[in-house]
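Just so you know, these numbers use all the heavy atoms, side chains as well, and skip hydrogens, waters and symmetry mates. Position 1 is the first residue of the sequence; numbering continues from there.
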Amino acid sequence: MAFQGKKLINNPDDVVTEFIEGLVETYPGLQYLDGFPEVKVVIRADASGATYDKVAIISGGGSGHEPAHAGFVGEGMLTASICGDVFASPSVDSILAGIRAVTGPMGCLLIVMNYTGDRLNFGLAAEQARSEGYKIETVIVGDDCALPPLLGIAGRRGLAGTIFVNKIAGAAAAAGLSLADVAAEAKRASQMVGTMGVALSVCTLPGQVTSDRLGPGKMELGLGIHGEPGAAVADLQPVDVVVSHVLKQILSSETNYVPITRGNRVVLMINGLGATPVMELMIAAGKTVPKLQLEFGLAVERVYTGSFMTSLDMAGFSISIMKADQTLLQRLDAPTKAPHWPSLSRPLQLSEQGRILEAAIEAAVNAVMGMRDSLNDWDSKVGDGDCGSTMYSGATAILDDMKKYYPLNDAAETVNEIGSSVRRAMGGTSGVLYNIFSKAAYARLKANSDSTVTAKQWAEAFEAAIDAVSKYGGASAGYRTLLDALIPALSVLKERLTAGDDSSTAFVLSSEAALAGAESTKDMQAQAGRSSYVSASILATVPDPGAMAAAAWYRAAALAVKAKYEKASS
C-alpha cells in the first residue's frame with residue numbers, strides 16, 4: 001500500500017534552492033551564482049573566469065544525489081556544480097552560466113554522467129560556449145556494471161564512479177595541466193571504473209508517495225540512482241552473499257566492463273545510497289576488501305566508505321572499483337578543499353621510503369620543539385623574541401597533521417602537505433619562507449616520474465627550495481638568515497654524493513656543515529629581517545635563531561635517516 005512520504009522540508013518545489021542556501025551557509029568557500037534561484041549553480045568562492053588560471057572542472061546533473069555534485073566543489077576538485085531539479089537535468093542556460101562564470105584561458109572540462117538529458121543539455125551548452133570562444137572538452141562517464149551490454153545508443157548509466165573521475169580531473173587541473181591532458185586523465189579514469197548497487201527500498205521524491213514496489217524481504221540488484229528498475233529483484237541475503245555477487249558482476253571477464261585482472265592495484269568505494277547506516281556500510285567494506293584480495297587477487301590501495309552519491313532516502317549501497325596506478329593514486333591523494341571528499345589519510349601500510357620519511361619528519365620537528373626557549377632567547381636579543389614560539393607552532397602542526405593524514409608513501413605530496421601545515425600554523429616571515437621552501441621542493445619532486453625518490457633527487461629538491469627562498473626573500477649567503485645554514489649543507493651534500501658517498505652519510509656530513517654555518521652567523525652583519533637594525537656588537541653575542549632552527553631540524557632529520565638505514569642493513 002502506497003503512502004505519503006515523510007520529509008523534513010517546506011515546499012517540495014523549493015528543496016533544491018533551500019539545499020543550496022544551506023550548503024553555502026555551511027561552507028564559506030562555496031557560493032551560488034548570480035541569477036539564483038532560477039540559475040542553480042554552486043561555484044568556488046575564489047574562482048572567477050576573468051582571473052582563473054587553471055582548467056575549470058564542471059559537473060552536475062539532477063539533484064537528489066547529495067553530496068554529489070555540489071558537495072565536491074572546492075580547490076582540487078570541481079570548480080562548479082550545475083544543479084537541476086530533483087532527478088532532472090539542469091537547463092542549458094544554467095550550464096552555460098556556470099561555464100561563463102569560472103572558465104578562464106585554460107578552458108573547461110565538463111564531466112557528464114551518461115543520461116540522455118544530461119548528455120543533450122551539457123552538449124548543447126558546450127557547443128554554445130565554443131561558439132563564444134571558450135575552450136571546452138567533455139568526458140561522459142558510464143560506469144554501471146549491473147545490466148548486460150546494451151544495444152543502441154543509450155550505453156551504461158553514470159553512477160558513483162563519477163566521483164573518482166571528478167577528483168582525478170580536479171587534481172590534474174590543480175597541478176596546472178592543459179585542458180587536453182586533464183581531459184585525457186579524466187577519460188582514462190572513466191574507463192577504469194565499474195559500479196553496481198543494491199537497494200532495500202525505493203527512494204521517495206519530495207511531495208510524492210512512497211513506492212511499495214519492493215515488498216518485505218526483497219532487495220533489488222542494480223537499481224538505478226533515480227529509482228529506475230535494476231537487473232533483478234531477489235530475496236534479501238546476508239551482506240557476504242550480496243558483496244560476492246556484486247564483485248563478480250563488476251569484475252566479470254564476460255562483460256569485460258573494467259580492465260581489471262588478477263595482480264592489479266585497485267581503489268574501492270563503498271557508497272551509501274541515502275538511508276544506509278554507517279554501521280552497515282562499514283560491514284560491507286570489511287567484507288569487500290578481503291574478497292578482493294583473496295578471491296580476485298587484487299591489491300586494494302585505498303578504501304573510501306561513506307555517502308558520496310545518494311538517491312534521496314534509498315536504503316542500500318553501491319560498490320565502485322577502479323584500476324589504479326601511481327599517477328591515479330597521487331591524484332586521489334592530492335589535497336582538496338571540497339567539503340565532502342574525505343581528507344587525506346595515512347596509508348594503511350608504510351613503504352620503506354614512507355617509514356624513513358616519517359622518522360625524518362618526526363625527528364626534525366621534535367628537535368625544533370625542544371629548542372623553543374633557546375630560540376626565543378636568542379631572538380629577544382636580535383629580533384622580536386618569538387622565533388621559538390613561531391617555529392614550535394609550525395612543528396606541532398606538522399607532527400599532528402602527519403599522524404592524521406600525510407600520504408607518507410608519496411614523498412612529493414608529503415612535502416606539499418608540510419607546506420600547507422606551515423601556512424596554516426606559522427605566522428610572520430618564517431611561515432611564509434618555509435611555505436615557499438616546501439612548495440618549491442614539492443614542485444621539483446613532482447617533476448620526477450618515479451615513486452621512489454633518490455638522494456640526488458632530494459638534493460635537487462633541496463636546491464630548488466633554497467633558490468626559491470633566496471629569490472622571494474631577497475637573502476643569500478652571508479645575510480645572517482636560515483640560508484647560512486642551508487646553503488653550506490647543500491654544497492656539502494652535492495659534493496659528497498658526487499664523490500660516491502652513500503646517501504645517509506652524505507646527509508649527515510652535510511648536516512654538520514649546516515650547524516657550522518649557523519654558528520658562523522655570530523660573525524655576520526645582518527642584511528635581512530629585523531636583525532638588520534641591530535648593532536654589530538649585539539649580533540656578535542648570539543647566532544641567528546632562524547639559522548640555528550634550520551640547522552637543528554636538518555641535522556635531526558639526517559641522523560634519523562642514517563639510523564633507519566643502519567637498522568635496515570643490520
Side-chain angles (χ1 to χ4, degrees), residues 75-76 171 174 301-304 326 329-337 341-372 375 388-427 430-446 451-453 457-458 461-462 465 482 486 504 507 511 549-565 567-568:
E75 182 181 349
E301 297 284 351
R302 304 285 188 276
V303 180
Y304 304 89
Q326 195 59 39
L329 293 174
Q330 288 176 351
R331 298 295 186 224
L332 292 175
D333 290 344
T336 177
K337 294 181 181 178
W341 177 259
S343 58
L344 285 173
S345 60
R346 284 171 57 98
L348 296 177
Q349 185 172 354
L350 293 181
S351 63
E352 180 184 3
Q353 176 181 268
R355 289 192 295 271
I356 292 171
L357 189 55
E358 180 185 48
I361 294 171
E362 187 168 3
V365 296
N366 282 331
V368 169
M369 292 164 68
M371 292 183 69
R372 176 172 59 177
L375 292 172
S389 298
T390 299
M391 295 294 295
Y392 186 92
S393 296
T396 303
I398 290 170
L399 190 60
D400 289 345
D401 292 347
M402 181 181 74
K403 292 176 180 178
K404 294 176 185 174
Y405 63 80
Y406 280 8
L408 291 162
N409 290 343
D410 187 325
E413 291 296 341
T414 297
V415 170
N416 190 38
E417 287 303 314
I418 290 173
S420 298
S421 299
V422 165
R423 184 178 68 240
R424 173 174 55 82
M426 282 181 71
S430 295
V432 176
L433 291 177
Y434 273 109
N435 187 27
I436 290 171
F437 182 96
S438 300
K439 297 303 182 181
Y442 162 73
R444 189 67 189 85
L445 290 171
K446 285 292 285 186
S451 58
T452 300
V453 182
Q457 290 167 340
W458 277 117
F462 189 33
L482 79 166
L486 299 181
S504 60
F507 278 110
S511 73
W553 65 252
Y554 187 88
R555 172 74 170 169
L559 291 174
V561 169
K562 186 171 180 63
K564 278 288 186 181
Y565 273 117
K567 183 177 180 180

Notebook entry, point to check: Would you find a donor on one side and an acceptor on the other, under 3.5 Å apart, between the side chain of Arg355 and the backbone of Leu350?
Noted result: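 Checked: pair present.
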Margin query: Test your reading of the model: is there a side-chain donor-acceptor pair from Ser438 to the backbone of Ile418, 3.5 Å cut-off?
Written below: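 No; zero donor-acceptor contacts below 3.5 Å.
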Check: Which word best sums up how the rings of Phe437 and Trp553 line up, parallel for under 30°, tilted for 30 to 60°, or perpendicular for over 60°?
Finding: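 Judged by the thresholds at 30° and 60°, the geometry between Phe437 and Trp553 is perpendicular.
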Testing the basics here: between [X] and [Y], what is the closest heavy-atom pair and its distance to 0.1 Å?
X	Y	answer
Gly394	Met426	CA-CG, 3.2 Å
Tyr442	Ala412	CD1-O, 2.9 Å
Tyr405	Glu417	CE1-OE1, 3.1 Å
Val561	Ala360	CG2-CB, 3.9 Å
Met371	Ala552	SD-CB, 3.1 Å
Asn409	Gln353	O-NE2, 3.5 Å

Item checked: Pair Glu352 + Lys564, salt bridge at N-O below 4.0 Å ->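 Salt bridge: no.
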Checklist line | Side-chain heavy-atom pair Thr336, Glu75 within 4.5 angstrom cut-off | finding: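 They are not in contact (no side-chain heavy atoms under 4.5 Å apart), so the answer is no.
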Checklist line | Side-chain heavy-atom pair Gln330, Pro407 within 4.5 angstrom cut-off | finding: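 They are not in contact (no side-chain heavy atoms under 4.5 Å apart), so the answer is no.
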Next item on the list: Given side-chain contact (heavy atoms from CB on, under 4.5 Å), test Leu357 with Tyr406 step by step and report yes or no.
Entry: CA-CA 11 Å; Leu357 189 55; Tyr406 280 8; over 6 Å; no
Using 0.5 Å steps for rounding, measure from the [atom1] atom of [X] to the [atom2] atom of [Y].
X	Y	atom1	atom2	answer
Thr414	Asp333	OG1	CG	9.0 Å
Leu482	Ser430	CG	OG	7.5 Å
Glu413	Leu332	CD	CG	11.0 Å
Leu399	Asn366	CG	CG	6.0 Å
Lys446	Lys439	NZ	NZ	11.5 Å

Next item on the list: Would you please test Met402 and Glu362 for side-chain contact (heavy atoms from CB on, under 4.5 Å) and show each step?
Entry: CA-CA 9 Å; Met402 181 181 74; Glu362 187 168 3; 4.2 Å; yes
Next item on the list: Take Thr390 and Leu375 through the test side-chain contact (heavy atoms from CB on, under 4.5 Å) and record every step on the way to the result.
Entry: CA-CA 10 Å; Thr390 299; Leu375 292 172; over 6 Å; no
Next item on the list: Identify which one of Thr396, Asn435, Asp401 satisfies the side chain to side chain contact (heavy atoms under 4.5 Å, CB included) criterion when paired with Ser421.
Entry: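 With Ser421 as partner, Thr396, Asn435, Asp401 yield a single side chain to side chain contact (heavy atoms under 4.5 Å, CB included), made by Asp401.
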Next item on the list: Evaluate the criterion side-chain contact (heavy atoms from CB on, under 4.5 Å) for residue pair Leu559 and Tyr554; output intermediate values, then yes/no.
Entry: CA-CA 9 Å; Leu559 291 174; Tyr554 187 88; over 6 Å; no
Next item on the list: For this output row, return yes or no: ring centroids of Phe507 and Trp458 closer than 6.0 angstrom.
Entry: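 Centroid separation for Phe507 and Trp458: 6.0 Å or greater.
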